[in-house]
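A, B, ... follow the sequence lines: proteins, then strands. Residue 1 opens every chain.
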There are 2 protein chains.
Amino acid sequence: MNYKWIARTALFRGCTEQDIESICRCLDFGTRSYRRGDVIALSGDTVSDIGLVLSGSVRIENNDIWGNKSILGIVESGGVFAEAYACIPNEPLMVDVIANQDCEILFVNVPKLFQPCDNSCSCHNKLIQNLVIVSARKNLHLTQRIFHTSSKTIRGRLLSYFSQQAAIQGSSKIKIPFDRQQLADYLNVDRSALSKELGKMKKEGLLNYHKNVFELNIHNQ
Amino acid sequence: MNYKWIARTALFRGCTEQDIESICRCLDFGTRSYRRGDVIALSGDTVSDIGLVLSGSVRIENNDIWGNKSILGIVESGGVFAEAYACIPNEPLMVDVIANQDCEILFVNVPKLFQPCDNSCSCHNKLIQNLVIVSARKNLHLTQRIFHTSSKTIRGRLLSYFSQQAAIQGSSKIKIPFDRQQLADYLNVDRSALSKELGKMKKEGLLNYHKNVFELNIHNQ
DNA sequence: ACAATTATGTGGTTAAAACCACAAAATAGA
DNA sequence: TCTATTTTGTGGTTTTAACCACATAATTGT
């Protein structure tokens, strides 16, 4: 395991490689690999582990009783998932976690983390403090996702999402982690209607795109 | 200040009254009162305090550049707000916090909380651990709110919200903290369209209501 | 108790997106 | 390379909710 890389993730930041190695052994954290499309966890499951994405990416989604799919977000490598459920004992998942690409996950057991361990690994408290920040950031992501779906028009939702991505990626040329169907499921709109609106916006000169790379034309208000 | 009551909030649970009294003095936590409608914090502000609602309630909302209002949630007494922003230094608020009723707020300074204090108040670590759980719960609330707005129809959104409330309140007769306009802003729909849909559902025998009290008729499928 | 203000319901119109079907393009697998 | 599969775009139709205007009901403040 690449402890040096793990030490740079938001969850383990501030821990030394030695700390991480010892805490992983001490608290018996394990890794597991998944193939693209594999189910990592299902709605209704109860979990007590945080998933740290070591490589690849996972997708958080929900299928309601009418079969409508809603994508809540993508967790890229270095990010975590299920931390909210892992921190609340016996809280059943409201979402499915799917391997968005082939990926490897490190599972961090929260109950063990919350108990002081025998060897009193030095970065225990640091880890908990990091967990607060990681959870806070996840909060902000969910809030953003709420904003992206609060416009009543498809165009408004696209502009909300694209302009945030442009800000994050520091460029008006952005690459998104979704195909059309997934983007539609993220913005909670119909795929074909989304395709039409994108075509209209391209015709109006608002943006250009090829596959999942979009270039925004800032000027054409 | 009623330390006994504070000791029962999710944030201070597990701390003794003495602990709370000493930590409030030691870390210089302060309270402030607001009148219904007062602005407690505005989008763009940076905060470093968690707001703990001692009495009354606050409303978390957002006004986008086109003037559309979106309500993210209500925080009742005992609950906290702005904790995500307070935990991430210099992160500007994306939302407004408004006094939903006359209310009193205790402000808990997070940077001070994260530094070990001179007197090493005993419940420091407990408080941080509670903060993890409180933040996790807030995550789940935001996820719920996402589900309530993911249906494409107004009826679907209402049923999603009402059935969750029925589960929480343990009854098919539920009281909601919103007037019609606020419910519309919470579900991201037009108020008059919401009113019509409610009328239609009442006519179909799905539910009954008076003001902000709704009674769901479970049977009529 | 009254006036002023705010909240709610309702009709009518319009705009928008959902929905369906299908063709074309791109991709993956053998 | 060829075929099968998946993804994307597009036309046409229908449903739905946004939007506007206004009447009525409820609430607030004096």
Side-chain angles (χ1 to χ4, degrees), chain A residues 35-37 59 64 66-71 98-102 148-161 175-204 206-214, chain B residues 35-38 59 61 64 66-71 98-102 148-161 175-204 206-214:
Chain A
R35 309 297 303 272
R36 187 173 119 91
R59 193 172 63 240
D64 72 18
W66 297 284
N68 305 307
K69 176 168 294 183
S70 191
I71 294 180
I98 310 290
N100 196 50
Q101 308 169 301
D102 292 354
H148 296 328
T149 56
S150 68
S151 167
K152 304 216 165 76
T153 65
I154 294 180
R155 178 172 299 200
R157 296 186 190 195
L158 281 168
L159 290 175
S160 171
Y161 176 58
K175 183 172 184 173
I176 68 171
F178 300 124
D179 63 29
R180 293 289 180 279
Q181 181 65 60
Q182 291 174 331
L183 180 58
D185 290 339
Y186 181 73
L187 298 178
N188 281 140
V189 297
D190 179 76
R191 180 199 61 78
S192 75
L194 173 74
S195 242
K196 271 176 211 165
E197 189 60 38
L198 281 172
K200 220 191 286 181
M201 291 168 81
K202 182 191 265 184
K203 201 173 291 174
E204 293 176 28
L206 285 172
L207 47 71
N208 218 325
Y209 55 86
H210 179 65
K211 294 186 30 172
N212 62 338
V213 176
F214 293 79
Chain B
R35 309 298 302 274
R36 187 171 118 92
D38 282 354
R59 193 171 65 239
E61 59 182 45
D64 72 18
W66 297 283
N68 305 308
K69 175 167 296 183
S70 190
I71 294 180
I98 310 290
N100 196 51
Q101 308 169 302
D102 292 353
H148 295 148
T149 56
S150 68
S151 167
K152 303 217 166 77
T153 64
I154 294 180
R155 178 172 300 201
R157 297 185 189 195
L158 282 168
L159 291 175
S160 171
Y161 176 59
K175 183 173 185 173
I176 68 172
F178 300 123
D179 62 29
R180 293 291 179 278
Q181 181 65 61
Q182 292 175 329
L183 180 57
D185 290 339
Y186 181 73
L187 298 178
N188 282 140
V189 298
D190 178 77
R191 181 198 60 78
S192 75
L194 174 74
S195 239
K196 272 175 211 164
E197 189 61 38
L198 281 173
K200 221 191 286 181
M201 290 169 82
K202 182 191 265 185
K203 202 172 291 172
E204 292 176 29
L206 285 170
L207 47 71
N208 218 325
Y209 55 87
H210 180 64
K211 293 186 30 173
N212 62 338
V213 176
F214 294 78

Query - Touch class at under 4.0 angstrom, heavy-atom based, for B/T153 against every strand present - result: sugar-phosphate
Query - Sugar-phosphate only, base, or nothing, as touched by B/K152 at under 4.0 Å among non-hydrogen atoms - result: sugar-phosphate
Query raised in the report: To the nearest angstrom, how far is B/H210 atom NE2 from C/dA7 atom P?
Result: 16 Å
Requested in this report: For the pair B/Y161 and B/F178, name the ring-plane relationship: parallel under 30°, tilted 30 to 60°, perpendicular over 60°.
Outcome: tilted
Query - B/K196 (side chain) and C/dG12 (base): donor-acceptor pair under 3.5 Å - result: yes
Report task. Can you tell me the distance, in whole Å, between the NZ atom of B/K211 and the P atom of D/dT28? Result -> 8 Å
Report task. Have a look at B/D179 and say if it touches a base, only the backbone sugar-phosphate, or nothing, with a 4.0 Å heavy-atom cut-off. Result -> sugar-phosphate
Query raised in the report: Where each residue is assigned the nucleotide of DNA chain D containing its nearest heavy atom, which of B/E197 and A/A193 is assigned the position nearer the 5′ end?
Result: A/A193
Query raised in the report: Among B/N208, B/I154, B/L207, which residue meets the side chain to side chain contact (heavy atoms under 4.5 Å, CB included) test with B/M201?
Result: B/L207
Report task. Please test B/D102 against B/R36 for salt bridge (Lys or Arg N to Asp or Glu O under 4.0 Å), starting from the C-alpha separation and ending with a verdict. Result -> CA-CA 4 Å; B/D102 292 353; B/R36 187 171 118 92; over 6 Å; no
Requested in this report: Check the distance between C/dA17's P and A/L158's CG and give it to me in whole angstrom.
Outcome: 10 Å
Query raised in the report: Which of these nucleotides, C/dG9, D/dG11, D/dA18, is closest to any side-chain atom of A/S192?
Result: D/dG11
